[in-house]
Amino acid sequence: MTTADIAPLLSMQDIDKSFGGAPALRRARLEIRRGEVHALIGQNGAGKSTLIKILTGAYARDAGRIDFDGKAVDFKAPIEAQDGGISTIYQELNLIPLRSVAENIFIGREPKRFGLIDWRRVHDEAERLLASFGIRVDVRRPLHTFNTATQQMVAIARAVSTSARLVIMDEPTSSLDKAEVETLFGVIRKLQADGVAVLFVSHKLDELYAVCQRITVMRDGQTVAERELASFDKLALVQTMLGRELSALQAVRDTAFEHTGPDAVSVAHLKSGLRVEDASLAVKRGEILGLAGLLGSGRTELARCIFGADPLDAGELRLAGDPVQLGGPADAIARRVAYLSEDRKIEGIVPDLSVRENLTLVLLPRLARWGVVDRRAQTEITERFIERLGIRCSGPEQPIRELSGGNQQKVLLARWLAAEVALLLLDEPTRGIDVGAKAEILTLIHQLSREGLSVLMIASELEELVAASDRIVVLRDGRTVSELHGDGISEANVMKAMAHG
């Protein structure tokens, strides 16, 4: 009998889920064998988190069937899933920092003697569990006194202590260094040897190949591939995630321009936290530099470093040729640097304010005298940019929340153009807007660059990035791995760099 002939530990079939009429999952499926390490991968919005939340009872499914350990299940809450043999370790550890290590492992399930908590047994069991993973610490100490890797092991120990048959690890290495990752992999292999299955959710390709046997790939709410990982080379995996085939790829660019002027910004060997490891790039005056990479490659974190939102641990940042140390976004804005976050609704617009108020937000210090804002100047600036950018609205006083996504994005662009910035950092500028508005935004960005504005643009849609960029830099695991220019700019070359570096 082969492994494939054995009934799977988990089978999720034809899972549907919609939110407000918008489908998040469409006939999605996931099958995990007993005692295997199974990878689940996909870009933002692919449906991975929704599928896991349905499995663990955080969401109710609209349709489909779930079988676990040979029985149909329908967990109504995560605690039911845990009691049923499924434990989840989230990227943001749901531990209690001020409680001890032992308390975090057994909280709510403490062994008792004569109706009271048996603390000796709690401590002994916690020590035994952690020692089985090669971790020897004082389990009586508060959790917050240990590093992230040890806290991660505590979360795993808690999962194992519930007699879990399936442990779900959601981006477990995002806060770990290389040595700590190897320790985690050792624990995963031990779990597998003990017959525990692991669902490993990660965006780091090298880690998947190091520890996983099979993989499920999701895209746009659907399962698009299920196979042995060893038969799936990295380039084919990237193609499957992005939904692009090499045979169908053609360069669509006809606007590239070779820039030879001074650098608006340059970074050399930048390091910040665990997401930016060794990044280098330069954007010249009037150039659009595309920044490519898979989810988790460090694109957003690099842009935030340039904007002063995240601190630098090492490397050099130069603006207009001058080495700088930014104390925060205010310093960057003072040097004519602007940043448009990918999360327009949370970090961009102020939904209850008008178009006028949103557009002139950065200008308020200039427009105010003795604490009173010049309303007439505000309105004149707003009307000028409404006309210049073609913002479709009833007028300056319309609440911005009533505008379409594309027009909200234009207001945010106008906010920085009104501030006369020299460098614009764009993080997914066309996300969440319709096709027609995307074309308008990209055309506008192109026009602005030709007027002298320097642009660093992050985009997951390779077709857009290739079409809009004069050059493209590719990041992989926080490192600059390739720079494409001229005839070398193509979707095929970007994907090859993403896969192989």
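Atom set for the values below is all heavy atoms of this structure, side chains included, hydrogens, waters and symmetry mates excluded.
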Only pairs at least two apart or in different chains count here, so list each side chain to side chain donor-acceptor pair (under 3.5 Å) that has a residue in residues 14-24.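 Counting only pairs at least two positions apart or across chains, the side chain to side chain donor-acceptor pair (under 3.5 Å) contacts touching residues 14-24 are Asp14-Arg27.
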Set of side chain to side chain contact (heavy atoms under 4.5 Å, CB included) partners for [X], sequence neighbours left out:
| X | result |
| --- | --- |
| Ala264 | Ser454 |
| Ser87 | Gln82, Ala159, Thr162, Ala164 |
| Pro396 | Arg356, Thr379, Thr382, Glu383, Ile386 |
| Glu451 | Arg388, Leu448 |

Any salt bridge between Asp206 and Arg476, counting N to O under 4.0 Å?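 Looking at Arg476 together with Asp206, the answer is yes, because their closest N to O distance falls below 4.0 Å.
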Run the ring pair (Phe, Tyr, Trp, His ring centres under 6.0 Å) test against Tyr209 and tell me which residues pass, sequence neighbours left out.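 Not a single residue meets the ring pair (Phe, Tyr, Trp, His ring centres under 6.0 Å) criterion with Tyr209.
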Check ring pair (Phe, Tyr, Trp, His ring centres under 6.0 Å) between Phe185 and all other residues, then give those that pass, not counting sequence neighbours.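 Per chain and number, Phe185 pairs via ring pair (Phe, Tyr, Trp, His ring centres under 6.0 Å) with no residue.
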Tell me which pairs pass salt bridge (Lys or Arg N to Asp or Glu O under 4.0 Å) where either residue lies in residues 321-331, with sequence neighbours left out.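 Of all non-adjacent pairs touching residues 321-331, none passes salt bridge (Lys or Arg N to Asp or Glu O under 4.0 Å).
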Residues two or more places apart in sequence or in another chain: which of them pass salt bridge (Lys or Arg N to Asp or Glu O under 4.0 Å) with [X]?
| X | value |
| --- | --- |
| Glu357 | none |
| Asp263 | Lys284 |
| Arg61 | Asp74 |

Please tabulate, for the side chains in residues 304-321, all donor-acceptor contacts under 3.5 angstrom to protein atoms that are two or more places apart in sequence or on a different chain.
residue: Arg304; atom: NE; partner: Asp310; partner atom: OD1; Å: 3.2
residue: Arg304; atom: NE; partner: Asp310; partner atom: OD2; Å: 3.1
residue: Arg304; atom: NH2; partner: Asp310; partner atom: OD1; Å: 3.1
residue: Asp313; atom: OD2; partner: Gly273; partner atom: N; Å: 2.7
residue: Glu316; atom: OE1; partner: Arg318; partner atom: NE; Å: 3.1
residue: Arg318; atom: NH1; partner: Gly321; partner atom: O; Å: 2.7

